Amino acid sequence: MADDKKLTTRAADFSAWYNEVVLRAELADYSPVRGCMVIRPNGYGIWERMQRALDDMFKATGHVNAYFPLFIPESFLHKEAQHVEGFAPETAVVTHGGGKKLEEPLIVRPTSETIIYSMFAKWVQSYRDLPLLMNQWANVVRWEMRTRLFLRTLEFLWQEGHTAHATHDEAEEEARRMLGVYRDFMEGWMAMPVITGQKTDSERFAGALRTYSCEAMMQDNKALQAGTSHNLGQNFARAFELTFQAEHGGQEYAWNTSWGVSTRLVGGLVMTHGDDTGLRTPPLLAPIELVIVPIYRSDEERATVLEACDRIIGSLNEWERRDPGRLRVHLDSRDGIKPGAKYYEWELRGVPLRMEIGPRDLAQNQAVLVRRDTREKRPVSLSTLGEDVADLLARIQEDMLITARERREQNSIRGHIDYDRFRQIMDGDGGFVYAGWCGGAECENQIKEDTKATIRVLPDEEFRSAEAPTACLKCGRPAIAEAVWAKAY
Ligand SMILES: [Zn+2]
């Protein structure tokens, strides 16, 4: 049972608010191992729904699931120079097994490019074996120093897609396609709007040719890198001798892509939608979409109302058979807890829709529906309940995306600003600043040092400003691209 102490408000301390919501909505808890987390059923239920939706989307785009081992020979990591440089500092290494020192230490996978492409090399002989389109659902370990529940933990759950193609262009198309799948999922299911685009060299995945990213704005105006997709070029194919006989004869190296999203998305969902009362979950991802709270004073009333609730659930189920898998309903029939306390608890947990029903409602053949996102209350007839509930859930899903997108745009700054103004913004409320960039790593580094802001992406065309910036925000030289600057998680 959640205690009824008020949450810290977002305005007072966003970071404390986030931790309290995650803990008190029972999404996750701290583990006995520093930096690891326990995902509790409320949090795991959201992740399960995310997995299911993404898995369907991966399969609809031609991918199949497989599973590769947790342990990777240490030497594998060293075969791709940039890859080892990027990941070595945060690996966990197994040196002993069964009481004996191992001949070769094993890395606990931080990501699986090396082991997967070593296997692809065994399986691919000819161009006819390509493309190879695989995904795995797995846990990975990255030894992070500063951790936050869901956002950055030593061990986390994710999926990693890995593909091999005959040409650069096919790999490029795949990397872009999966970025689009991520965007569709984040906006369509999570109601979390994202900006897509390419990462600069300094933010690129270790070992990739190009990295693309989906970036979302959290309610503290910081960016969350929500998913990435990489065109790996032939770097890993060369390292692992992943070659194939080309259609015109001769051996060629394959072209690879990899792409991933993780349980970090649950943190993104909290920071996109939560309010000072707790979590708000988009209906499509909510483990419970509708909670029914019966209202009664006497035992006699209790019996009548609960009986009516059973009938209502029966009619909702019947309605649901016409649109299967839509309605996840829970009846909170716990006795000895006041309705107000139940409302508080389900609001904290983010259930999108609540039904209140008592003897007076029954007498009028109605119930009261309360939206979690807007708190709006409305009486509905019991005769049309199934449709009303479904319509309302669909509207909540849409409105949550619209609200989040409006908030992002209100906190986006476009048009010419000088560097002093930029520093003021980053010292103050922050936000996404669209500004010119000369392409120089020195400017990027200096800005990061001065303000902690980084280039989140060089945005795709649809996100770029109508008027392209002409000069670099920092040095004033001609801009080669528009960049989205923000502080990030
Ligand atoms: Zn510059």
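Worth knowing before you read on, the calculation uses all heavy atoms, side chains too, and leaves out hydrogens, waters and symmetry mates. Remember, predicted model here, so these are calculated numbers, not experimental data. Numbering of ligands and ligand atoms starts at 1, following listing order.
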Open item on the list: Just to verify, which of Glu170, Arg176, Met178, His165 counts as forming a side chain to side chain contact (heavy atoms under 4.5 Å, CB included) with Thr257?
Closed with: His165
- [ ] Take the Zn ion (ligand 1) and tell me which protein N, O or S atoms are nearer than 2.8 Å.
- [x] Cys438 SG, Cys443 SG, Cys472 SG, Cys475 SG
Open item on the list: Check this for me: does any side-chain nitrogen of one of Glu144 and Arg152 sit under 4.0 Å from a carboxylate oxygen of the other?
Closed with: yes
TODO: In plain terms, say whether Glu26 and Arg349 are close enough for a salt bridge, that is, a side-chain N and a carboxylate O under 4.0 Å apart.
DONE: yes
Open item on the list: Just checking Phe244 against Phe120, ring centres under 6.0 Å apart?
Closed with: no
Task: Residues in side-chain hydrogen bond (donor to acceptor under 3.5 Å, both in side chains) contact with Asn139, at least two apart in sequence or another chain - done: Arg109, Glu155
Open item on the list: Assess, by modelled atom type and distance only, whether the side chains of Tyr212 and Glu172 contain a donor and an acceptor separated by less than 3.5 Å.
Closed with: yes
